[in-house]
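Order of listing sets the numbers, starting from 1, for every ligand and every atom in it.
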Amino acid sequence: MSRKPIIAGNWKMHNNCAQTIELIEGLKQELKDIDKNLLPEVVIAPVFTSLYVADEELKKCGCNKISLAAQNCYYEPKGAFTGEIAIDMLKDFNLKYIIIGHSERRQYFNETDEMINKKAKAILENGILPIVCCGETLEQRERGITDSHIQSQITKAFDGISAEDTAKSVIAYEPIWAIGTGKTCDSIEANRVIKMIRETIKSLKGDMAANSIRILYGGSVKPETIDEQMAQSDIDGALVGGASLKADSFAKIVKGAMAKAGV
Ligand code: PGA
């Protein structure tokens, strides 16, 4: 079965409003001559404070080749949660996706599997799609518990979510030791883990969800690595950090996914 690939840029804590506009203008320029149907789904996740200008910039000239994502959200609809942002508020910016459970949020902001599950459910109830991140530390990999750790993360993240909603969701497998280090995970190994994640989804939610859900690889994805990654059977795209901050390198990664995109 064919799954439309996704190339998503996680801008992390970079780019104020002016820099956001500049980067989107650059990206639009890079992609302007390519038919949308030949592209993968292209997604960018700016900081919250740049979402408004990003949405405006994308609406200008009717650019429908790039979708917006947020990097996080809170699961309660409103209330006394200083500093948090509700999903309904994020809907003002025409988001298609919200990234949840990124390892940086788990590590620095104590985000737990239980919170990620609550966020995933709330995102889907609001008609947006979660990009659920998972992945092992170097220590877990060396101890040989990569697969069991990721199975546990995925089982908890999708607890109580229907097969239909799971099918629409996205998972990003991001080995923590590969994030921002320049050490990309070997593509065959990344594909093996991603297949294992698909098997986990199959045992939890059945064939339809397992065959439909898109599972991305993330961790030092670069223009030089994308061809080999996209050539793997189960890698449905990439979540890109550092290399998404320059229009030309991100566009090269987007173009690298085109071979699988005309589906
Ligand atoms: P990186 O980040 O591409 O800079 O390794 C990926 C991510 O954290 O999503």
Acceptor/donor pairs from residues 225-232 side chains to any protein atom, 3.5 angstrom cut, sequence neighbours excluded:
unit_1	atom_1	unit_2	atom_2	d
T225	OG1	K222	N	2.9
T225	OG1	K222	O	3.0
T225	OG1	Q229	OE1	3.1
T225	OG1	Q229	NE2	3.4
E228	OE2	S187	OG	2.9
Q232	NE2	E228	O	3.1

Next on the checklist: If you apply the rule side chain to side chain donor-acceptor pair (under 3.5 Å), what do you find for D55 with N94, and how did you get there?
Outcome noted: CA-CA 7 Å; D55 183 34; N94 298 307; 3.0 Å; yes
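- Taking every heavy atom of G219 and a limit of under 4.0 angstrom, the matching atoms of ligand 1 come to 5 (O).
- No salt bridge links D236 with K4; every basic N to acidic carboxylate O contact stays at or beyond 4.0 Å.
- Between E174 and ligand 1, an N or O atom pair is found at a separation short of 3.5 Å.
- Checked by distance only, ligand 1 and G241 come closer than 3.5 Å through their nitrogen or oxygen atoms.
- The N/O atoms of G180, backbone and side chain alike, include one that comes under 3.5 Å of an N/O atom in ligand 1.
- The contact set between ligand 1 and H102, taken as ligand atoms under 4.0 Å from a residue heavy atom, comprises 7 (C), 8 (O), 9 (O).
- Note on K118 versus E76: no salt bridge recorded, every NZ/NE/NH1/NH2 to OD/OE distance being 4.0 Å or above.
- In terms of polar-atom proximity, G218 is not counted as a contact of ligand 1, lacking any N or O under 3.5 Å from an N or O of the ligand.
- Atom 4 (O) of ligand 1 has G242 N, 2.8 Å as its closest protein atom, hydrogens excluded (heavy atom only).
- Within the listing of ligand 1, atoms 5 (O) sit less than 4.0 angstrom from a heavy atom of A178.
- Residue S220 has at least one heavy-atom neighbour below 4.0 Å for each of these atoms of ligand 1: 1 (P), 3 (O), 5 (O).
- Every heavy atom of K222 sits 4.0 Å or more from the atoms of ligand 1.
- One finds no salt bridge joining K28 and E25 here, because no Lys/Arg side-chain nitrogen approaches an Asp/Glu carboxylate oxygen to under 4.0 Å.
- Side-chain contact check for T200 versus M196: some heavy-atom pair is nearer than 4.5 Å.
- Using a 4.0 Å cut-off between charged side-chain N and carboxylate O, R141 and E189 make a salt bridge.
- Every atom of ligand 1 is numbered from 1 in the order shown, and the set under 4.0 Å from a heavy atom of K12 is 2 (O), 7 (C), 8 (O).
- Contacts of N10 with ligand 1, taken as heavy-atom pairs under 4.0 Å, involve the side chain alone.
- Using bins of under 30°, 30° to 60° and over 60° for the plane-to-plane angle, the ring pair Y52/F93 lands in the perpendicular bin.
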